[in-house]
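This report concerns only the one structure given below.
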Amino acid sequence: MSIIKNIKEAVVQSLHELYEGEFNEGNFQINQTKPEFEGDYTIVLFSLVKSLKKSPEEIGQELGNKLVNKYPDLFSGFNLIKGFLNLSITDQYWINLLVKNHQDICFGKQAMNGKKVMVEYSSPNTNKPLHLGHLRNNFLGWSVAEILKANGFEVLKSCIVNDRGIHICKSMIAWQLFANGETPSSTEKKGDHFVGDYYVKFNDEYKRQVAELISNGISEKEAEKNAPIMMQTQQMLQDWEAGKSEVIELWRKMNSWVYEGFDSTYLSIGSDFDKTYYESNTYLLGKDIVQEGLDKNVFNRKEDGSVWIDLTADGLDEKLVLRKDGTSVYITQDIGLAKQKYDEYKIDQSIYVIGDEQNYHMKVLKLIAQKLQLPYADDIYHLSYGMVELPTGKMKSREGTVVDADDLVEEMIATAKHHTEELGKVKDFDSEELSQLFKTIGLGAMKFYLLRVDPKKKMIFNPEESIDFHGFTGPFIQYTYARIKSILRKETATQQSTFNERLLPAEKELIFNLEQFPTVIIESAAELNPSVIANYLFHLAKSYNSLYAELSIANAESIEKKNLRLQISMMTSNVLKSGLQLLGIQVPERM
RNA sequence: GGUUCGGUAGCUCAGCUGGAUAGAGCAUCAGCCUUCUAAGCUGAGGGUCAUUGGUUCGAAUCCAAUCCGAAUCACCA
């Protein structure tokens, strides 16, 4: 049980004994005591003033005395400043916590709760390589999955590959027109980049044709519709849907190039999936649901045969769910896939890691599922995250203004190499160990950079200023870990369990912070927000570095202090490691 | 235009279920390696929390209006 919970219960119990009336944890607020005052936790008394009809000072005195007398193992004293009751926790409480948990590498993790969750993330289009925005998505999805596991959920990571549609055909047409039979292997290009280049080529040619048509006196709208390359692409999509064998063959070939490229990117960034869905297999799903919706009068059919749902009463619009030609649209497929996931895995919750540009779409999806009274409707959750933008604005694949994922990974690893070599601390590493270290640090920096920000908020990435390795960063925390391990390789904490010397402020601060780790894990899961963990780990590492600079560990002033600090060090390293693991970041034993 | 989200230090971000003098990192400046890894530590400067009004003992936080920015509102995905 967390200390805050302990304190709250003690306060509620004390209030009951002191005063008439009903009390619960919502009647007062508990905060960390500000550093300028003495104490560890503070009860804010103002909210009790009205119901008790006493002054804050009176309540504070009575409650403070009661708490200290009734719970001498928990509280060592109190002081009262205005309406704030500052409580000091006994050293013994902190020491017990440390002794009990310092060796537990699972500290903070919850027992299995029997619930099953699917987290869908990544979900790339197969016409272009992954970029920085996809990285945010991948790291977020992976991290959220780990955080849920730490909270006792069984988690399935899934991915829907958008492997069909007009965008793929654009790359295919451009390849047919301009490639002269070139392939990734003939050009020694990574497959996804190779295909992406033709996507850009398509747009260049398309723009050229549109401009030409306009100069021939055709309106812009007409030109965009009738540019030959666009008409060829539309035709190709129809051929694909009709199953025309040359088109299917080309489609398979180009997608296989892309998958080869994706596999290597996923491997390097550490993304993996338990289940991969392909849109080419799921795009026909959902049609049976349309009939169900018509039967239930949730949907209505228009004269031309198209099927709609009216969501205007819910503040949204009328949405199409089936085209007049009988084919299903995006939202229909998604409802179908949602059902398939549920039927296949009996999941209790379905989380979709998708950018906030699709907020409206996901709202519609959930609303339709609810109106159809599908059993899983309420368990659909859109984990919406903000776009990664450049100082110049949004990234646009078709205009080539993107930060490529592979390039960035490579750059981060190179930067890690550069810093490491400059510092020259690992000259005895062999080349295998070195490349592993550069990767750990480079990826650590990148993942931390993208996860330390609240997912809901859009973030700006400036390619001119490379991602930092100092301060509020992954390498800072990794470095703290490596420092601790360096001590722990030379010194071992003995199993001392009673400490008589008073805790120094730096020592107490560390244990105080360590105590919060389980609460932080719970909070990050409740909010589906890895940045909660990132912020916590930074704060913890900072505290440790302060202690490290201020106090000697190996040469402590007494054996007792040495053991105490070794135990603190051990527990800190465990928490840093498992916390970073929840962010998908590895730790080096030395750096 | 409707809906939704955002605006906190020069820059990037915490804090937002109301609490004490609004915090970090980067950048700038000043110190600290004969002692456990200086990717570190200590300190300084830097703020009209977009604006205005309201609720409250108390507002960056809640409410309203205004200004600015973004997303979205396709028989595209």
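Below, read A as the first sequence line, B as the second, and so on, with proteins coming before strands; counting in each chain starts at 1. From a predicted model like this one, the values you see are computed outputs, not experimental measurements.
For the pair A:Ser546 and B:U42, the criterion of a side-chain N or O lying under 4.0 Å from OP1 or OP2 is met. Between A:Lys542 and B:G25 there is a side-chain polar atom (N or O) within less than 4.0 angstrom of OP1 or OP2.
Counted within 6.0 Å of CD on A:Glu58, heavy atoms from surrounding residues, nucleotides or ligands total more than 12; the atom is thus considered enclosed.
Pairing partner, B:U12: B:A24, with both Watson-Crick or wobble hydrogen-bond distances short of 3.5 Å. Base pairing of B:U3 is made with B:A71, judged by Watson-Crick or G-U wobble geometry with both donor-acceptor distances under 3.5 Å. Across the strands present, B:G19 finds its partner in B:C57; the criterion is a Watson-Crick or G-U wobble pair with both atom distances under 3.5 angstrom. B:U66 is paired with B:A50 under the Watson-Crick or G-U wobble criterion, all donor-acceptor distances under 3.5 Å. When both pairing distances are held under 3.5 Å, B:A30 makes a Watson-Crick or G-U pair with B:U42.
An anti base is found at B:C73: its glycosidic angle is more than 90° from 0.
Neither side chain, A:Asn255 nor A:Asp163, offers a donor N or O lying under 3.5 Å from an acceptor on the other. For the 3.5 Å distance criterion, the side chains of A:Tyr352 and A:Gln358 fail to qualify, holding no donor opposite an acceptor.
Ring-centre distance between A:His419 and A:Phe469: below the 6.0 Å cut-off.
As rounded to whole Å, 12 Å separates atom C1' of B:C76 from atom CG of A:Asn162. To the nearest angstrom, C1' of B:A24 lies 11 Å from CZ of A:Phe448. Rounded to whole Å, the distance from NE2 on A:His361 to P on B:A71 is 19 Å.
Closest-nucleotide positions on RNA chain B for A:Asn125 and A:Lys394 were compared, and the one nearer the 5' end corresponds to A:Lys394. Between A:Asp356 and A:Gln333, the residue anchored closer to the 5' end of RNA chain B is A:Asp356, taking for each the nucleotide with the nearest heavy atom.
By the 4.5 Å heavy-atom criterion applied to side chains, A:Leu576 and A:Leu540 are counted as neighbours. Considering only heavy atoms from C-beta on, A:Ile441 comes within 4.5 Å of A:Thr420 through its side chain.
Taking only side-chain atoms of A:Leu320, from C-beta outward, the nucleotide of B:A71, B:C41, B:C75 with the closest atom is B:C75. For A:Phe538, counting side-chain heavy atoms from C-beta on, the closest listed nucleotide (B:U3, B:A77, B:A24) is B:A24.
Here A:Lys456 pairs with A:Asp454 in a salt bridge; the nearest charged N to carboxylate O distance falls below 4.0 Å. A salt bridge is defined here as a Lys NZ or Arg NE, NH1 or NH2 lying under 4.0 Å from an Asp or Glu carboxylate O, and A:Lys394 with A:Glu389 fails to meet this definition.
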(request) Starting at the 5' end of nucleotides 27-37 of chain B, put B wherever the base has a protein heavy atom under 4.0 Å, S where only the sugar-phosphate does, and a dash everywhere else. (result) ---------BB
(request) Report, as a single string ordered 5' to 3', how protein heavy atoms within less than 4.0 Å touch nucleotides 13-20 of chain B: B base, S sugar-phosphate only, - not at all. (result) SS-B--BB
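Atom name C1', nucleotides B:G19 and B:A71: the rounded distance is 35 Å, in whole Å. A gap of 45 Å separates the C1' atoms of B:A59 and B:C76, to the nearest Å. Look at the C1' atom in both B:A20 and B:G1: the space between them is 46 Å, to the nearest Å.
Base contact: A:Ser306 has a heavy atom under 4.0 Å from a base atom. Among the protein residues, A:Phe476 comes within range of the sugar-phosphate backbone only, with heavy atoms under 4.0 Å from sugar or phosphate atoms but none that close to a base.
Donor-acceptor pairing under 3.5 Å, judged by distance alone, is absent between the side chain of A:Asn462 and the base of B:C11.
With hydrogens and angles ignored, the 3.5 Å screen pairs a side-chain donor or acceptor of A:Arg136 with a backbone N or O of A:Gly386.
Using bins of under 30°, 30° to 60° and over 60° for the plane-to-plane angle, the ring pair A:His361/A:Tyr330 lands in the parallel bin.
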